[in-house]
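Worksheet: the structure to be examined is printed underneath.
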Amino acid sequence: MSLSPSAQKVQRTLEDLGYDYTVIEFEASTRTAAEAARRVGCEVGQIVKSLIFRTRESRRPILVLTSGANRVDEKRIGEYVGEPIIRAEPDFVREVTGFAIGGVPPIGHARPMETFLDEDLLQYEVIWAAAGTPRAIFQLTPAALQAMSGGKVVRVK
Ligand code: 5CA
């Protein structure tokens, strides 16, 4: 089984961080949380969406790791950040993460970012996150996601 270069990059990052999680690349799409959940047979809430926002004026990147069941309240995150935020443009996502929308992983980004973690993810025994391409994911625990991302656990919805 050979991974595409972007998925390999995530696999290597996991190894560098000391995790033995395995990136799985499918023939079929895992581009959306619903597709990813169908692929692995889990609840959509167990899929981690790695969403990039940016502060409107200062253009700082913000990472919100969200349960696939939830929609981020941008106003709420803006309050945590201390500045209004907007959804990042695809080019901005590529620039700050090194990955294209649909495959953005929770770790291994081009730039470090202020990170928030959806408290609703903590209820699950295992969760799944994107691994660099719109067909690649890996399974992990919420505790590991918190540790590897350094995300602040908050209500996002
Ligand atoms: N591989 C899946 C499951 S892990 C995945 O990456 N899902 S995701 O939610 O993290 O990434 C897709 C997200 O990118 C969408 O939920 C949406 O919030 C965002 N997105 C999609 N299209 C655009 C766009 N044109 N501009 C900005 N953000 C977008």
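Counting starts at 1 for both ligands and their atoms, in listed order. Computed from a predicted model, the values in this text were never measured in an experiment.
Where the criterion is an N or O separation shorter than 3.5 Å, residue side chain and backbone included, Thr30 meets it with respect to ligand 1. Not one N or O of Pro134 is nearer than 3.5 Å to an N or O of ligand 1, by distance alone. Residue contacts with ligand 1: Thr32 is placed with no nitrogen or oxygen under 3.5 Å of a nitrogen or oxygen of the ligand (distance criterion only).
Using a 3.5 Å distance cut-off with no hydrogens or angles, the side chains of Thr141 and Glu125 do not pair a donor with an acceptor. A donor atom on one side chain and an acceptor atom on the other are not found under 3.5 Å apart for Thr30 and Glu35.
Under the 4.0 Å criterion applied to side-chain N and carboxylate O atoms, Arg111 and Glu95 are assigned as salt-bridge partners. Remark: Arg135 does not engage Glu27 in a salt bridge, criterion side-chain N to carboxylate O under 4.0 Å.
At a heavy-atom distance under 4.0 Å, no atom of Val93 approaches ligand 1. With a 4.0 Å cut-off on non-hydrogen atoms, Ala88 touches ligand 1 through its backbone and not its side chain. In Ile137, neither the side chain nor the backbone holds a heavy atom less than 4.0 Å from any atom of ligand 1.
Residue Gly102 has at least one heavy-atom neighbour below 4.0 Å for each of these atoms of ligand 1: 1 (N), 2 (C), 5 (C), 6 (O). Less than 4.0 angstrom separates some heavy atom of Val48 from each of these atoms of ligand 1: 4 (S). Near Ala130, meaning under 4.0 Å from one of its heavy atoms, ligand 1 places the atoms 1 (N), 4 (S), 6 (O). Residue Ile47 approaches ligand 1 through these ligand atoms, each under 4.0 Å from one of its heavy atoms: 3 (C), 4 (S). Below 4.0 Å from some heavy atom of Arg31 lie the following atoms of ligand 1, by number and element: 1 (N), 2 (C), 5 (C), 6 (O), 7 (N).
Partner Leu117 forms a side chain to side chain contact (heavy atoms under 4.5 Å, CB included) with one of Val48, Val154, Leu65, Thr66 and no other, that one being Leu65.
For atom 13 (C) of ligand 1, the closest non-hydrogen atom on the protein side is Leu51 CD2, 3.8 Å. Closest protein heavy atom to atom 25 (N) of ligand 1: Pro90 CG, 3.7 Å.
Other residues, nucleotides and ligands contribute more than 12 heavy atoms inside 6.0 Å of the CG atom of Asp16.
For the pair Glu83 (side chain) and Ser58 (backbone), a donor-acceptor distance under 3.5 Å is present. A donor-acceptor pair under 3.5 Å is absent between the side-chain atoms of Thr55 and the main chain of Ile85, judged by distance alone.
Clustering ILVMFWY residues whenever any of their side-chain heavy atoms sit less than 4.5 angstrom apart, transitively, puts Val156 in a cluster other than the one holding Leu145.
Relative orientation of the Phe116 and Tyr80 rings is tilted, given thresholds of 30° and 60° on the angle between their planes.
Between Ala131, Ala136, Ser50, Ala129, it is Ser50 that holds the heavy atom closest to atom 10 (O) of ligand 1. Here the shortest heavy-atom distance to atom 17 (C) of ligand 1, taken over Arg135, Glu35, Arg87, belongs to Arg87.
At least one heavy atom of Ile101 sits less than 4.0 Å from an atom of ligand 1.
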